[in-house]
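Note sheet for the following structure.
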There are 2 protein chains.
Amino acid sequence: MSNQDPNRTRRRRGSARPTLKEVAAAAGVSSITASRALNAPERVNEETRKRVLEAVDRVGYVPNLVAGSLASARSRFIAVIVPSLANAVFIEVIKGLQDTFEARGYQILLGNTDYDLQREQQLVRTFLGWSCSALVTAGLRHSEGCSALLSNWDKPIMEVMELGEALDLNVGLDHEEAGRCMTRHLLERGYSSIVYVGACMDRDYRAHMRFWGHRQVLEAAGLAAPLIELDRLGSLEAGAAGLDRALAEFPDTQAIHFANDDLATGALLHAQRLGLRVPEDIAIAGFNGLPLGQHVTPSLTTIQSPREAMGRQAAEQVLRRLDHQPVTRRQQDVGFQLLVGQST
Amino acid sequence: MSNQDPNRTRRRRGSARPTLKEVAAAAGVSSITASRALNAPERVNEETRKRVLEAVDRVGYVPNLVAGSLASARSRFIAVIVPSLANAVFIEVIKGLQDTFEARGYQILLGNTDYDLQREQQLVRTFLGWSCSALVTAGLRHSEGCSALLSNWDKPIMEVMELGEALDLNVGLDHEEAGRCMTRHLLERGYSSIVYVGACMDRDYRAHMRFWGHRQVLEAAGLAAPLIELDRLGSLEAGAAGLDRALAEFPDTQAIHFANDDLATGALLHAQRLGLRVPEDIAIAGFNGLPLGQHVTPSLTTIQSPREAMGRQAAEQVLRRLDHQPVTRRQQDVGFQLLVGQST
DNA sequence: CGCTAACATGGTAGCGCTACCATCACGAAT
DNA sequence: ATTCGTGATGGTAGCGCTACCATGTTAGCG
């Protein structure tokens, strides 16, 4: 016969870490007071609070956030879903989000879809399961199941990158207009044989939207809008290949409008290796305004998108909602800027 | 008088989402069987399992992962702590980690220290509170409090990037040796006035380790090892500034050994703008082997570090531990490769 | 025919915390 | 003196799930 209560022989589950109860005991208060001392200091006497904090240090207490989230039915997680980590653009948006959210005590849950909408749906399911406080996702296109999951959800949803018919909040820029803007510039410069080169545009549909804008302007001017689609994602290598294909397939090409700066810069550097003069022999334009393109000679003509600012603004909108403050505009256009370099 | 049980008047806490209990009721089984059908299919009759899965779809059940984690005292989170998101190097390591962990159903919790060890400690506290399954952190240097927190922790800890005295697991490369390797190459090429240019080396101490290696080789050859420290983080701009300072402060410089490829490429492009011939007038070397440096003309001499592979290998080691498989080597050297370009 | 083992399922008691309500002391207002 | 508010604290009942143990139920075996 054990000298212990028989139902105490059951071994302790959970971790061996001290709990709030032990902190409370050490401070001589109830556990709920200890909880308040940590999470709502204004509701506890200054003296008591100090005693609790001292006890926390003494016993080496680390709050169990899982338990807290279950009890309060909310975590301080922000789900962030992007299509790729290989693209500097998303990294910078994430950086803007992370800086803003972390400063307010929120933790980012990062998900990567690899441009797969089914994968996005799966991530959304998982993230809903974590009781996230909000969800930020890149783009307005989702699978049907994903939209269904989200429309039944009562937390803020922020769609970034582009503008359009959004589920809830929306911060981004008009890609079609960006495409038009660049192509207008190319026409003004006097080029008329202009090729558009994109990479995996079935997946990167924002690049496709820019192409639409591009084509509108050319058609309005009575010009053809030849398109070259590369079957690998944007990179310097792909850009070089794009230049080769454009020159081979359309020998009289005067200018190439690339879907992004990686491609454009790759082409620009490749042109130099081939001994082509930019822009005299071939003009080159990009999109994004990455630092890289501004440091090559000739500097790249491109469109500057405010990526980190977009992340910050999106985060601020979401935070405003989480603080129950009125959100003035559900849709916010961060705009863009034509950066005329020496390559056109 | 309400027709409801009085203690039901209390409004429902938690979310309004269906729970496992409701799934179980819909499938005509107990909740524990429903739980097993989802999490341990082999322990449930095939027929029953199908009925449960069908009920899941019907009621639109999304598992509450917070509750599951509390009950089982483990989440499927992997904490990942890096000093910066602005640096492509860490992004690629994260990519390797993320791909490997996501494929096995683990979710990454990303933390950014901004090169601040106190911030790291705070992140570690938070992450311990989430019952993470493992922690991956960049670097071997931690605050005292951080080491204390981690040494009392019973889950796998992986330190990546460099090699040395680790808390638990360690995957990385020898930065001192990398510095030696590059400088030996520069000596072989016949340069003797070699300047090292780093950025924020008090924080980026791995760059400092490479400088030590660099200095050892020069001192062994009886040469001076002048150092220029820039006070902003690595970027193309900073590299350009580094070149200017090196030429101003050490006019007879023949070669510059930069702490990373961003700096080196910035300097290389700047040299072209200044009309300097590379490597005849000035030789330039970098570190990392970023694609960028391989696409400029002349191509950059650098050291290729296997970043994504480092992330993958680190993740695999951790997974092996989580699967209770023996870990053969707690320390794993991923090595590096001298990439001789046209810039030296 | 009883005994064991393996399989399938269920009941129950937490995991560690917080929401909700209750209590009590004290001073201000009536 | 009574009422009311306010500030500080505590008790308790969950949050939704899984670990642990218990209970059938069937098949296999000597």
Side-chain angles (χ1 to χ4, degrees), chain A residues 5-25 27-52 56 59 61-76 126 128-131, chain B residues 5-25 27-52 56 59 61-76 126 128-131:
Chain A
D5 182 333
N7 38 13
R8 272 273 149 268
T9 59
R10 193 174 202 170
R11 87 150 196 275
R12 178 174 184 156
R13 278 163 64 179
S15 71
R17 291 205 320 248
T19 70
L20 196 56
K21 214 175 190 172
E22 284 152 62
V23 172
V29 296
S30 73
S31 58
I32 183 68
T33 300
S35 168
R36 281 197 280 254
L38 295 173
N39 301 318
E42 75 285 358
R43 302 203 32 180
V44 161
N45 185 291
E46 177 60 23
E47 185 61 35
T48 314
R49 197 174 65 84
K50 262 163 54 185
R51 223 155 10 103
V52 171
V56 164
V59 306
Y61 173 69
V62 176
N64 185 328
L65 300 173
V66 180
S69 295
L70 178 60
S72 64
R74 56 192 155 69
S75 68
R76 290 185 75 85
T126 307
L128 293 189
W130 283 113
S131 304
Chain B
D5 181 332
N7 38 13
R8 270 274 150 268
T9 61
R10 192 175 203 172
R11 88 148 198 273
R12 180 173 183 157
R13 278 163 63 179
S15 70
R17 292 203 320 246
T19 70
L20 196 55
K21 217 175 190 170
E22 285 152 62
V23 172
V29 297
S30 73
S31 58
I32 183 69
T33 301
S35 168
R36 280 197 280 254
L38 295 172
N39 301 319
E42 75 285 358
R43 302 203 30 172
V44 162
N45 184 291
E46 175 62 21
E47 184 64 32
T48 313
R49 196 174 65 85
K50 260 161 57 184
R51 223 155 9 105
V52 171
V56 164
V59 305
Y61 172 68
V62 176
N64 185 326
L65 300 173
V66 180
S69 296
L70 178 59
S72 64
R74 58 193 153 69
S75 68
R76 291 184 74 85
T126 306
L128 293 189
W130 284 112
S131 304

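The sequence lines fix the lettering, A, B, ..., with proteins before strands; numbering per chain opens at 1. Just so it is clear, the model here is predicted, and its values are computed rather than measured.
Here the CG-OG distance, from A:L70 to A:S75, works out to 11.5 Å after rounding to the nearest 0.5 Å. In this structure, the separation between CG on B:L38 and CG on B:L20 is 6.5 Å, given to the nearest 0.5 Å. Atom CZ of B:R76 sits about 10.5 Å away from atom CG of B:L65, to the nearest 0.5 Å.
Residue-level contact check: A:R74 touches the backbone only, with heavy atoms under 4.0 Å from sugar-phosphate atoms and none from bases.
Look at OH on A:Y61: it is 7 Å from C1' on C:dC17, rounded to the nearest Å. Rounded to whole angstrom, the span from the CG atom of A:L20 across to the C1' atom of D:dG10 amounts to 13 Å. Atom-to-atom, CG of A:L70 to C1' of C:dC17 comes out at 8 Å; the value is rounded to the nearest Å. Atom P of nucleotide C:dC17 and atom CH2 of B:W130 are separated by 12 Å, given to the nearest angstrom. For the pair B:R17 CZ and D:dG16 C1', the interatomic distance rounds to 10 Å; values are reported in whole Å. As rounded to whole Å, 9 Å separates atom P of D:dT18 from atom CG of B:N64. One atom, NZ of A:K21, and another, C1' of D:dG10, lie 14 Å apart when rounded to the nearest Å.
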Restricting both atoms to N or O, compile the protein contacts to nucleotides 6-9 of chain D shorter than 3.5 Å, with distance only.
from, atom 1, to, atom 2, distance (Å)
D:dT9, OP1, A:T48, OG1, 2.6
D:dT9, OP2, A:N45, N, 3.0

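Which of C:dT18, D:dA19, C:dC17 sits closest to the side chain of A:S72 comes down to C:dT18.
Judged as a side-chain hydrogen bond (donor to acceptor under 3.5 Å, both in side chains), not a single pair has a partner in residues 34-45 of chain B (not counting sequence neighbours).
Relative to the axis of its first five pairs, the axis of the last five pairs of the helix from C:dC1-D:dG30 to C:dT30-D:dA1 sits at 40°, rounded to 10 degrees.
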